[in-house]
Undergrad: 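Input: one structure, supplied below.
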Amino acid sequence: MTREVKESFVGETPPAPAALAAKVRTLAPSMTRSMQRVAEAVAGDPAGCAALTVTGLAERTGTSEATVVRTARLLGYPGYRDLRLALAGLAAQQQSGRAPAVTADIAVDDPISDVVAKLARDEQQTLADTAAGLDTAQLEAAVAALSAARRIDVYGVGASGLVAQDLVQKLLRIGLLAHAHSDPHLAVTNAVQLRAGDVATAITHSGSTGDVIEPLRVAFEHGATTVAVTGRPDGPVSQYADHVLTTSTARESELRPAAMSSRTSQLLVVDCLFVGVAQRTYDAAAPALAASYEALAHRHRPRGGARR
């Protein structure tokens, strides 16, 4: 018997003021243009927008009151009043001297020192945004499911496929039965075998990658617990996910595809999942890790006659 497909959801707990800017960056690309104008306004001038009524913000952004309210709800707030309170809190944090967020594009003629600095700042912002927007209740639930799983399948293609392999390699090192599938046909044929007590995890930045959604749907319909790691929590993949872990969405530029920063945020979530599982299964995980280190130790020792 198949389970009921979930509707795309907005988190029950409104994001803290510190997470608002990250939430805007994550969701803005999937909003309508009018909603984007509202989101960009509140993120760019939280103090000014906090002083506006819903009518005032609608007039400032050239939208309607209904659009302002819909935007507030999409960002995770029950209504505009709650969004205004968060904006006031964000404005207070900014006035306290906290360093502003920096997003800098890389130019073709930038010296390499500037490239290093810009990339470092962008990576830091990506990690900070992901940490601020990550739902720890969803994370804990996913960790609990993985810790008790009989079998774990992880789906991802392209850059997300590399992250899927990273998660599986980590889980294997602590003695869990896990497989990474980048071939869509193999992913579906394996998903058919999953049952209650198994876990299927889909990693997709866009939230709409068909080759990842299809095996997750099959696993979902066969009773497996499902997890989605995605930059679009309102995307199609979330319809088949019991637990959704949101990653940061960065702007794409000509010299730096979005896949680079999306992979950074995905790897942070993967590390959080792994550490959480290792904590829960420590009595079994610690000996398994020690055994894997010992099995590979001889490969890292200098061989006789090798130069040092």
Side-chain angles (χ1 to χ4, degrees), residues 4-96 98 100-101 103 125 128-142 206-208 228 230-251 265:
E4 183 179 353
V5 176
K6 300 190 306 177
E7 294 182 358
S8 297
F9 68 95
V10 175
E12 296 180 359
T13 302
L20 175 59
K23 193 85 170 179
V24 169
R25 280 188 287 268
T26 296
L27 294 179
S30 62
M31 293 178 178
T32 64
R33 184 66 194 110
S34 58
M35 293 176 74
Q36 284 179 354
R37 289 201 296 273
V38 176
E40 290 166 358
V42 300
D45 183 16
C49 292
L52 298 174
T53 63
V54 63
T55 303
L57 184 54
E59 291 176 350
R60 173 172 171 170
T61 56
T63 61
S64 66
E65 293 180 10
T67 298
V68 172
V69 173
R70 284 198 300 270
T71 305
R73 289 176 177 168
L74 183 59
L75 292 174
Y77 301 94
Y80 180 62
R81 177 180 177 276
D82 303 275
L83 175 59
R84 284 185 71 183
L85 291 174
L87 291 174
L90 180 58
Q93 288 180 353
Q94 291 179 341
Q95 291 170 2
S96 68
R98 185 176 177 180
T103 302
Q125 188 65 61
D129 286 354
T130 300
L134 194 58
D135 187 329
T136 53
Q138 291 285 307
L139 178 62
E140 288 178 350
S206 69
S208 58
T230 179
R232 303 284 191 272
D234 56 338
V237 72
S238 298
Q239 297 177 14
Y240 306 106
D242 295 306
H243 311 297
V244 178
L245 305 177
T246 305
T247 58
S248 171
T249 301
R251 291 187 299 117
S265 57

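Computed from a prediction, not measured in an experiment: that's the story for all the values here.
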Undergrad: State the CG-CG distance between Leu134 and Asp129, to the nearest 0.5 angstrom.
TA: 12.0 Å

Undergrad: Go through the structure and list residues passing side chain to side chain contact (heavy atoms under 4.5 Å, CB included) with Thr71, not counting sequence neighbours.
TA: Met31, Met35, Val38, Ala39, Thr67, Leu75

Undergrad: Could you pull out all residues at least two apart from Glu59 that satisfy side-chain hydrogen bond (donor to acceptor under 3.5 Å, both in side chains)?
TA: none

Undergrad: For residues Ser238 and Pro233, report the shortest heavy-atom separation together with the two atoms involved.
TA: OG-O, 2.8 Å

Undergrad: Nearest 0.5 Å, what's the CZ-CG distance between Arg81 and Leu83?
TA: 12.0 Å

Undergrad: Determine yes or no for a side-chain-to-main-chain donor-acceptor pair under 3.5 angstrom, with Thr130 supplying the side chain and Ser248 the backbone.
TA: yes

Undergrad: Identify all side-chain donor-acceptor contacts of residues 41-55 below 3.5 Å with residues at least two apart in sequence or on another chain.
TA:
{"from": "Asp45", "atom 1": "OD1", "to": "Gly48", "atom 2": "N", "distance (Å)": "3.0"}
{"from": "Asp45", "atom 1": "OD2", "to": "Arg60", "atom 2": "NH1", "distance (Å)": "3.2"}
{"from": "Asp45", "atom 1": "OD2", "to": "Arg60", "atom 2": "NH2", "distance (Å)": "3.1"}
{"from": "Thr53", "atom 1": "OG1", "to": "Thr55", "atom 2": "N", "distance (Å)": "3.4"}
{"from": "Thr53", "atom 1": "OG1", "to": "Gly56", "atom 2": "N", "distance (Å)": "3.0"}
{"from": "Thr55", "atom 1": "OG1", "to": "Glu65", "atom 2": "OE2", "distance (Å)": "2.5"}

Undergrad: So, for Thr61 and Thr63, which heavy atoms are closest and what is the spacing to 0.1 Å?
TA: OG1-OG1, 2.8 Å

Undergrad: Does Arg37 have any side-chain hydrogen bond (donor to acceptor under 3.5 Å, both in side chains) partners at least two apart in sequence or in another chain, and if so, which?
TA: none

Undergrad: To check you understand the geometry: which heavy-atom pair defines the closest contact between Val68 and Tyr80, and what is its length?
TA: CG1-CD1, 3.6 Å

Undergrad: Between Thr246 and Asp135, is any pair of side-chain heavy atoms under 4.5 Å apart?
TA: no

Undergrad: Could I get the full list of side-chain hydrogen bond (donor to acceptor under 3.5 Å, both in side chains) partners for Thr136, not counting sequence neighbours?
TA: none

Undergrad: Ser206 and Thr230: which non-hydrogen atoms are nearest, and at how many Å?
TA: C-OG1, 4.2 Å

Undergrad: Among residues at least two apart in sequence or on other chains, which ones pass side-chain hydrogen bond (donor to acceptor under 3.5 Å, both in side chains) with Arg33?
TA: Gln36

